[in-house]
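Sharing a structure below in structure tokens format, with a few things to ask.
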2 protein chains.
Amino acid sequence: MAMPNSTSSRTKGPAELPDLLPEPATEELKLETVFAALADPLRLTIVRKLMLESEAYDHTCGWFGFDRPKSSLTHHFRTLRDAGLIHQRQYGLERRSRLRAEDLNMRFPGLLELIRAWQPPSNV
Amino acid sequence: MAMPNSTSSRTKGPAELPDLLPEPATEELKLETVFAALADPLRLTIVRKLMLESEAYDHTCGWFGFDRPKSSLTHHFRTLRDAGLIHQRQYGLERRSRLRAEDLNMRFPGLLELIRAWQPPSNV
DNA sequence: TACTCTGTTCGAGAAAACTCGTACAACTAC
DNA sequence: GTAGTTGTACGAGTTTTCTCGAACAGAGTA
């Protein structure tokens with residue numbers, strides 16, 4: 001599961017991005033775990049929204065506009081990160097999420113197309 | 001063995017197959033539910049085995065060779081049928097399962113390829 | 001009749017997931 | 001400093017799922 005990425009001063013992206021929060025490596029991703037993470041409509045919505053409406057940007061929890069308590073959202077985003085579906089980075093006091101699209105396409109080709117075609121139910 | 005039961009009633013297939021047990025219609029299949037059903041390694045194994053090793057035959061629970069109590073297997077097969085992943089037919093005292101491959105390919109193209117590529121863990 | 005074989009249903013206990021309130025931490029702005 | 005914002009951590013209650021034993025049902029067979 002989530003590997004502690006060692007010290008607080010490690011490799012950053014070329015654009016000096018904040019560190020990634022702990023997450024499983026691409027080779028460690030398990031299909032069962034990914035399916036379990038996607039079995040919840042709210043999480044499916046998160047992933048689909050990140051896929052369809054993210055253009056080179058990461059998004060905060062608030063961006064999604066879910067009407068749920070903060071601690072519930074923390075739970076769902078953490079589930080997605082632990083399953084390897086999203087990256088998360090700490091930008092000051094905001095935590096921004098991004099789909100691991102390349103990793104998922106490499107490991108599970110076709111999965112994201114399934115999610116793209118999904119019809120979300122009426123309620124959020 | 002696979003004797004067509006004594007005309008218990010309604011419409012049978014052209015080859016006089018036993019009736020299908022209740023299952024969701026193709027249009028009713030929900031991606032969340034399918035993902036939930038596939039989140040369990042045992043059920044993923046069942047589906048994959050049906051996909052790879054079924055050649056025009058349906059298979060009984062016993063065919064899979066799982067070392068689990070019968071009531072546990074009933075539970076997992078029922079979960080798969082309720083989610084719409086398999087058909088089940090009653091052949092006398094055996095209940096035979098078959099992958100809903102056409103339905104799944106129509107409704108969720110690419111899903112079965114994901115399962116085909118899955119590497120089952122060491123334990124059953 | 002009795003026995004076997006396949007698989008179901010019921011029920012209970014254990015484990016996991018979901019929900020959410022509360023308290024807390026960190027950063028920004030006044 | 002104080003207040004507001006974003007989000008975490010903890011814990012409890014609720015719900016769901018998993019697991020499995022026990023009892024049962026139907027078909028076939030000796």
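A note on names: the letters A, B, ... follow the listed sequences, proteins ahead of strands, and every chain is numbered from 1. FYI, side chains are in, hydrogens and waters are out, and symmetry mates aren't considered; it's all heavy atoms of this structure.
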**Study point:** Crowding at NZ, A:K30 (>12 non-hydrogen neighbours, <6.0 Å)
**Key:** no
Practice item. Please state how far atom NZ in B:K70 lies from atom P in D:dC18, giving the value in whole angstrom units. Key: 21 Å
Review point. At under 4.0 Å between heavy atoms, what does A:R96 touch on the DNA or RNA strands: base, sugar-phosphate, or nothing?
Key: nothing
**Study point:** Straight-line distance of A:R78 CZ to A:I86 CD1, nearest 0.5 Å
**Key:** 11.0 Å
Point to revise | Separation of atom CD1 in A:I86 from atom P in D:dG7, rounded to whole Å | key: 12 Å
**Study point:** Nearest listed nucleotide, side chain of A:S71, among C:dG7, C:dG21, C:dT9
**Key:** C:dG21
Practice item. Report the residue (B:R95 or A:H76) whose heavy-atom-nearest nucleotide on DNA chain C is the more 5′ of the two. Key: B:R95
Check your understanding: Does A:R68 place a side-chain N or O at less than 4.0 Å from the phosphate oxygens OP1/OP2 of C:dT19?
Key -> yes
Practice item. Measure from the side chain of A:E94, starting at C-beta and using heavy atoms only, and say which of D:dT6, C:dC20, C:dT9 lies closest. Key: D:dT6
Review point. For A:D58, which of A:R96, A:R98, A:R100 qualifies under salt bridge (Lys or Arg N to Asp or Glu O under 4.0 Å)?
Key: A:R98
Practice item. Determine whether any donor atom in the side chain of B:T74 lies under 3.5 Å from an acceptor atom in the base of C:dG7, or the reverse, and answer yes or no. Key: no
Check your understanding: Taking the six-membered ring for Trp, is the centroid-to-centroid distance between A:F64 and A:F77 below 6.0 Å?
Key -> yes
Practice item. Could you tell me the separation between the CG atom of B:L44 and the P atom of D:dC18, rounded to a whole number of Å? Key: 13 Å
Study note, to complete from the structure: Side-chain contact check for A:R43: nearest option of C:dC10, C:dT19, C:dC18 is C:dC18
Exercise for review: Can you tell me the distance, in whole Å, between the CZ atom of B:R78 and the P atom of D:dT17?
Suggested key: 12 Å
Check your understanding: Looking for any heavy atom pair under 4.0 Å, which part of the strands does A:H75 touch: base, sugar-phosphate only, or nothing?
Key -> base
